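Atoms within each ligand, like the ligands themselves, are counted from 1 in listed order. In this text, all values refer to a predicted model and were calculated from it rather than measured experimentally.
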Amino acid sequence: MRDFSQDHDWLSINTATVRKQSGQETPLGRIIDQCAARGIRAISPWRDQVAAAGLGRVARQLKAHGIGLSGYCRGGFFPAADAAGLKAALDDNRRAIDEAKTLEAPCLVLVVGALPGALDGKPAYKDLSRARGEVRDGIAASLAYAREVGMPLAIEPLHPMQAADRACVNTLEQALDLCDELDPQGPDNGSGAQPAALGVALDIYHVWWDPKLEQQIARAGRRRLLAYHVCDWLAPTRDLLSDRGMMGDGVVELKKIRGWVEAAGFAGFSEVEIFSQLDWWQRPGDEVLDTCIARHRSVV
Ligand code: ZN
């Protein structure tokens, strides 16, 4: 397992972690400068932040600082109430793939969606298997284009508490079943294999509790493990979406899980992704980033 204690070469910052400080939106350009000042080598930005800053401008700024991406957030949200909605989702995912390509992201992260409208409290239907079917078809359609342009898609399984509104793919096993169905491939021989066209983004917040986690990480192997997101699970958790903990403040065995991921061949970034309305978003971004670096070295 890699030694993270001496530097933060493999730390990436998901820009949601420092975007909403004290209720103020921090522009992406400023976040990139803050990361550059600390020698952080990678970030994972969100589409709306990139759109607000300007895609070309963000690409140039990243290049000037020598900062890469550990992923691009995000595509997905495939299910819809009708054919027009399904088509709109595919069009939007195509644009997301193009943006990811411009930013030279290693993958586009997919939060696949669930019951359409549920996020706004108005689900258009309640048939979760229908939603899962639409997710499958949406990924299959997007994958054809993603392959054409060479942009790997990373399915992020979300904790089942978000099965109604954000993602109806809820375990690593379920995500890998989709990968095997839509992107069948031979076993990973471990020798310089290219990333799969379809893989997974493993976010410990969503999967840490899964009794099959170790087994499914081994099954994923290096070609399917496209991204690794860290934070911590606070006990008790006060808000289902926005009370993620800083690494070391919760109950997740971070080093143990990173050991499993690295044993499977993953050698990429540990991307810190913390939605924390009640704590870290109330602090100055500089303090949050300094803490991320310290915890990356000590507990990740
Ligand atoms: Zn994540």
Side-chain angles (χ1 to χ4, degrees), residues 10-20 31 35 40 42-50 68-77 93 96 100 103 105-114 119 135 139 152-163 165-172 174-176 178-179 195 198-210 213 216-217 220 224-234 237 239-247 249-250 252 254 257-258 260-261 266 268-277 280-281 288 292 295-296 300:
W10 293 104
L11 166 68
S12 171
I13 298 292
N14 184 298
T15 54
T17 305
V18 282
R19 72 178 288 182
K20 290 183 184 168
I31 296 173
C35 288
I40 291 168
I43 63 167
S44 183
W46 289 66
R47 289 185 72 197
D48 64 313
Q49 294 177 295
V50 169
L69 263 56
S70 56
Y72 187 47
C73 292
R74 63 189 186 195
F77 283 89
N93 274 280
L103 295 171
C107 62
L108 174 68
V109 173
L110 300 181
V111 171
V112 297
L119 206 49
V135 163
I139 294 175
L153 301 180
I155 302 171
E156 181 166 340
L158 295 203
H159 193 287
M161 67 185 171
Q162 294 179 335
D165 50 15
R166 283 191 168 77
C168 55
V169 172
N170 305 106
T171 63
L172 181 54
Q174 190 190 355
L176 290 171
L178 270 172
C179 291
L198 183 61
V200 294
L202 193 71
D203 186 325
I204 59 98
Y205 195 71
H206 295 298
V207 301
W208 70 277
W209 56 273
D210 185 346
L213 186 58
Q216 292 298 315
I217 286 172
R224 295 272 195 225
L225 289 169
L226 301 181
Y228 182 57
H229 301 173
V230 298
C231 62
D232 213 332
W233 182 278
L234 298 177
T237 286
D239 180 291
L240 295 187
L241 181 68
S242 302
D243 193 24
R244 291 181 175 217
M246 178 62 67
M247 298 81 73
D249 289 348
V252 177
L254 285 160
I257 298 176
R258 183 161 69 86
W260 295 342
V261 168
F266 180 78
F269 289 97
S270 269
E271 176 185 319
V272 177
E273 185 182 34
I274 300 176
F275 311 136
S276 175
Q277 189 68 54
W280 296 96
W281 285 351
V288 178
C292 288
R295 300 294 179 87
H296 175 83
V300 172

- Query: Is the His159 to Trp208 ring centre distance short of 6.0 Å?
  - Reply: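 Centroid separation for His159 and Trp208: 6.0 Å or greater.
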- Message: Please check: side-chain N/O of Ser242 versus main-chain N/O of Ser276, any donor-acceptor pairing under 3.5 Å?
- Response: no
- Would you call Arg295 and Asp249 a salt bridge, using N to O less than 4.0 angstrom?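 So Arg295 pairs with Asp249 through a salt bridge.
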- Is Asp239 salt-bridged to Arg244, cutoff N-O under 4.0 Å?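 Judged by the 4.0 Å cut-off on N to carboxylate O distance, Asp239 and Arg244 do not form a salt bridge.
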- Message: The test is side-chain contact (heavy atoms from CB on, under 4.5 Å); show your working for Glu156 and Arg74 and say whether it passes.
- Response: CA-CA 10 Å; Glu156 181 166 340; Arg74 63 189 186 195; over 6 Å; no
- Which protein N, O or S atoms does the Zn ion (ligand 1) have within a distance shorter than 2.8 Å? Glu156 OE2, Asp203 OD2, His229 ND1, Glu273 OE1
- Query: Can you list the residues that meet the side chain to side chain donor-acceptor pair (under 3.5 Å) rule with Asn93, with sequence neighbours excluded?
  - Reply: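 Result, side chain to side chain donor-acceptor pair (under 3.5 Å) vs Asn93: none returned.
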